[in-house]
Amino acid sequence: AVRRAKIVLAVSHSEGAQIADALDIDPARIHVVRTYPAPVFTPDPSGAAAARVHERWGLNRYVLAVGDIHPRKNIGALAQALKQLGEPGLELALVGRPALGGEQIVAGANARWLGRVSDEELADLYRAATVVAVPSLYEGFGLPILEAMACGAPTVASSRGAMPEVAGEGAIVADPTPDALADAIREALDPTVADRLRAAGPVQAGTFTPSA
């Protein structure tokens, strides 16, 4: 199908390069069409999101991970990273539907599983998060990184696949291992770094537009 097609679409430059290499096709035939954050994902200067999140889920300080609960999402490594940090009162909150072995992954991570939520609820969860972490072993794009940055959340992203391309200067990029993730989250918890990320995230997210 790829060889017959006039053009091939990819959602990131990283994915496009991998397609060209894996299928041995001319990179010029690959057109990158990147997604962009929905309008609901914006910062919350008022701070009201934190109160809504506390009222809805009882969460205060938490690291948020968003996506299907699947081994590729590397939630176990994230849970180990938080255990290494030993930060008092810092919970792991998960949003997403269960995939392969999802229930066992959640149980092993000792996490708060919020299930599926609306976009409005998700935006509040991003805004109120202490840190948003995307520790996946691979992503062709990494939409939660983009949404989190658009909401002004301090964000830690895996160094695999297209995630560094999405994160740019708006997030901390780290190897998806417990040690590296722990170091990155520790860095993001620093108030000065957190403030920098809250400012840089929306700027980086703003480079993803319908015409970009």
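Residue numbers start at 1 and run along the sequence shown. Only heavy atoms go into these numbers, but all of them, side chains included; no hydrogens, no water, no symmetry mates.
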#### Entry: Arg127 (side chain) donor-acceptor with Gly47 (main chain) under 3.5 angstrom
no
### Side-chain donor/acceptor of Gln204 to backbone N/O of Val166, under 3.5 Å
yes
### Message
Applying a strict under-4.5 Å side-chain criterion to I, L, V, M, F, W and Y, I'd like to know whether Val193 and Ile185 cluster together.
### Response
yes
#### Entry: Short side-chain to backbone donor-acceptor contact, Tyr62 and Ala129, under 3.5 Å
yes
### Query
Is it the case that Arg160 places NZ or CZ above or below the six-membered ring of Tyr138, under 6.0 angstrom from the centre and within 45 degrees of the axis?
no
### Message
Can you give me the closest heavy-atom contact between Ser159 and Pro164, atom names plus distance?
### Response
O-CG, 3.5 Å
### Query
Got a second to check how far Ile30's CD1 is from Gln18's CD, nearest 0.5 Å?
10.5 Å
### Message
Within the structure provided, determine whether Glu91 and Val63 are in side-chain contact (heavy-atom separation under 4.5 Å).
### Response
no
### Task
Give, for atom CZ of Arg29 and atom NZ of Lys6, the distance between the pair rounded to the nearest 0.5 Å.
11.5 Å
### Task
Spell out, yes or no, whether Val33 and Ile7 are grouped together once hydrophobic residues are joined by side-chain heavy atoms under 4.5 Å, including indirect joins.
yes
### Task
Determine whether Tyr126 and Trp57 fall in the same hydrophobic cluster, where Ile, Leu, Val, Met, Phe, Trp and Tyr are linked whenever their side-chain heavy atoms lie under 4.5 Å apart.
yes
### Query
For the hydrophobic clusters of this structure (ILVMFWY residues joined by side-chain heavy atoms under 4.5 Å, transitively), does one cluster hold both Leu181 and Val173?
no
### Task
Would you indicate whether the side-chain heavy atoms of Glu147 and Leu122 approach each other to under 4.5 Å?
yes
#### Entry: Distance, nearest 0.5 Å, that separates CG of Leu143 from CZ of Phe41
7.0 Å
### Query
Looking at OG1 of Thr207 and CE of Met149, how far apart are the two atoms once the value is rounded to the nearest 0.5 Å?
7.0 Å
## Note on the structure
The side chain to side chain contact (heavy atoms under 4.5 Å, CB included) partner of Asn74 among Pro178, Ser136, Pro176 is Pro176
### Arg61 and Leu189, any side-chain heavy atoms less than 4.5 Å apart
yes
### Query
Which heavy atom of Ala184 sits nearest a heavy atom of Ala174, and at what distance?
CB-CB, 3.8 Å
### Task
Please confirm whether the backbone N or O of Thr192 pairs with a side-chain atom of Asp190, one donor and one acceptor, at under 3.5 Å?
yes
### Query
For Val53 and Ala128, which heavy atoms make the closest approach, and how far apart are they?
CG2-CB, 3.9 Å
### Message
I want to check something: taking the side chain as every heavy atom from C-beta on, are Asp179 and Gln84 in contact at a cut-off of under 4.5 Å?
### Response
yes
### Task
Establish whether Leu59 and Val66 are linked, either directly or via other cluster members, by ILVMFWY side-chain heavy-atom contacts under 4.5 Å.
yes
### Task
Apply side-chain contact (heavy atoms from CB on, under 4.5 Å) to His31 and Val8, showing your working.
CA-CA 6 Å; His31 294 250; Val8 178; over 6 Å; no
### Query
From Glu87 CD over to Leu82 CG, what is the distance, rounded to the nearest 0.5 angstrom?
9.5 Å
### Closest non-hydrogen atom pair, Ile19 against Leu9
CD1-O, 4.4 Å
### Query
Can you check whether Cys151's main-chain N or O pairs, donor with acceptor, with Thr42's side chain at less than 3.5 Å?
no
### Task
For the pair Asp44 (side chain) and Ala48 (backbone), establish whether a donor and an acceptor sit closer than 3.5 Å, ignoring hydrogens and angles.
yes
### Short side-chain to backbone donor-acceptor contact, Glu15 and Val11, under 3.5 Å
yes
### Query
Could you state the interatomic distance from CD (Glu169) to CG (Leu197), rounded to the nearest 0.5 Å?
10.5 Å
### Message
Tell me if a side-chain donor or acceptor on Asp26 pairs with a main-chain N or O of Ala28 at a distance below 3.5 Å.
### Response
yes
### Task
State, with a plain yes or no, whether a side-chain heavy atom of Glu139 is found less than 4.5 Å away from one of Ser158.
no
### Message
If you compare all heavy atoms of Ala188 against all heavy atoms of Val156, which two are closest, and at what distance to 0.1 Å?
### Response
CB-CG2, 4.2 Å
#### Entry: Residue pair Met163 / Ile145, side-chain heavy-atom distance below 4.5 Å
yes
### Summary
On a heavy-atom basis, the closest approach of Pro43 and Gly152 is CG-N, 4.5 Å
### Message
Are Pro154 and Thr130 packed together at the side-chain level, in the sense that at least one heavy-atom pair is separated by less than 4.5 angstrom?
### Response
no
### Query
Hey, is the main chain of Ala153 close enough, under 3.5 Å, to the side chain of Thr155 for a donor-acceptor pair?
yes
### Steps toward side-chain contact (heavy atoms from CB on, under 4.5 Å) verdict (Leu114, Leu125)
CA-CA 10 Å; Leu114 311 183; Leu125 285 163; 3.8 Å; yes
### Task
Measure the shortest side-chain to side-chain distance between Arg112 and Leu92 over non-hydrogen atoms and say whether it is less than 4.5 angstrom.
no
### Query
How about Arg72: does its CZ atom have over 12 heavy atoms from other parts shown lying under 6.0 Å from it?
yes
### Side-chain donor/acceptor of Arg34 to backbone N/O of Pro210, under 3.5 Å
no
